[in-house]
Amino acid sequence: MKPLYQLTKVKYPGHLPTSGPQKAIVAATSAIWSLIDPRRADMVGTLGEVTGRLALERLRNRLLVCEDGKALLRERPKVTSQAHRSDWAPDTFGAAYAHYMAKHSFQADDRTPVALVDDE
């Protein structure tokens with residue numbers, strides 16, 4: 001019998017395959033830490049990774065219906081602090097992202113790399 005951590009194959013560099021029970025433990029732990037200190041970008045991000053499967057699938061499906069969305073999925077641009085600019089054109093992802101990050105005093109580079117999403 002394989003150990004739980006080997007039940008899912010590695011799907012991308014940095015991926016940490018996890019089982020359902022492992023995801024539940026990680027979700028509970030990261031939720032508690034996120035409530036204790038919402039500035040913990042690592043815990044907030046981890047909570048999203050282990051609980052956001054359906055939202056991510058819906059987002060991917062919506063992106064697949066338009067050429068710009070397909071390009072984003074194909075190119076997979078990294079969202080970093082360099083994207084945190086105020087000179088983006090209105091009504092773009094960049095402008096909305098810059099506004100949100102500035103409003104909440106967040107830094108994109110505070111987010112740890114994705115590791116628990118079981119999709120590429």
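Side chains are part of it too, since the values below use all heavy atoms of this structure and drop only hydrogens, waters and symmetry mates.
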Using the test salt bridge (charged side-chain N to carboxylate O under 4.0 Å, His left out), find all partners of [X] that sit at least two apart in sequence or belong to another chain.
| X | answer |
| --- | --- |
| Asp68 | none |
| Arg40 | Asp42 |
| Glu75 | none |

Show me the donor-acceptor pairs, under 3.5 Å and distance only, between side chains in residues 24-36 and residues at least two apart or in other chains.
from: Thr29; atom 1: OG1; to: Ile25; atom 2: O; distance (Å): 2.9
from: Ser30; atom 1: OG; to: Val26; atom 2: O; distance (Å): 2.8
from: Ser30; atom 1: OG; to: Ala27; atom 2: O; distance (Å): 3.3
from: Ser34; atom 1: OG; to: Ser30; atom 2: O; distance (Å): 2.7
from: Ser34; atom 1: OG; to: Met43; atom 2: O; distance (Å): 3.4
from: Ser34; atom 1: OG; to: Val44; atom 2: N; distance (Å): 3.3

**Report entry** Nearest atoms (heavy-atom pairs only) where Tyr12 meets Val117
**Finding:**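 Smallest heavy-atom distance, with atoms named: OH-O, 2.8 Å.
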
Query raised in the report: What heavy-atom pair brings Gln107 and Met101 nearest, and what distance separates the two atoms?
Result: C-CE, 3.5 Å

Query raised in the report: Tell me the salt bridge (Lys or Arg N to Asp or Glu O under 4.0 Å) pairs involving residues 14-32, sequence neighbours left out?
Result: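 Applying salt bridge (Lys or Arg N to Asp or Glu O under 4.0 Å) to every pair that reaches into residues 14-32, excluding sequence neighbours, yields Lys23-Asp118.
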
Query raised in the report: For Asp37, what residues pass the side chain to side chain donor-acceptor pair (under 3.5 Å) criterion, not counting sequence neighbours?
Result: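 With sequence neighbours excluded, Asp37 shows a side chain to side chain donor-acceptor pair (under 3.5 Å) to Arg39, given in chain and number order.
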
Query raised in the report: How would you list, by chain and number, every residue that makes a side chain to side chain donor-acceptor pair (under 3.5 Å) with Arg58, sequence neighbours excluded?
Result: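 Result, side chain to side chain donor-acceptor pair (under 3.5 Å) vs Arg58: none returned.
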
Report task. Before giving the answer on side-chain hydrogen bond (donor to acceptor under 3.5 Å, both in side chains), spell out for Thr46 and Glu49 the whole-Å C-alpha distance, their side-chain angles and the decisive distance to 0.1 Å. Result -> CA-CA 5 Å; Thr46 298; Glu49 287 182 36; 4.9 Å; no

By side chain to side chain contact (heavy atoms under 4.5 Å, CB included), which residues pair with [X], not counting sequence neighbours?
| X | answer |
| --- | --- |
| Leu73 | Arg60, Leu63, Leu64 |
| Val65 | none |
| Leu16 | Ala115, Leu116 |
| Thr92 | Trp88, Ala89, Ala95 |

**Report entry** Whether over 12 other heavy atoms sit under 6.0 Å from Asn61 CG
**Finding:** yes

**Report entry** Reported OG1-to-CG distance for the pair Thr51 and Leu56, which is rounded to 0.5 angstrom
**Finding:**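 If I round to the nearest 0.5 Å, the distance is 9.0 Å.
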
Query raised in the report: Between His104 and Tyr100, how do the two ring planes meet: parallel, tilted or perpendicular, split at 30° and 60°?
Result: tilted

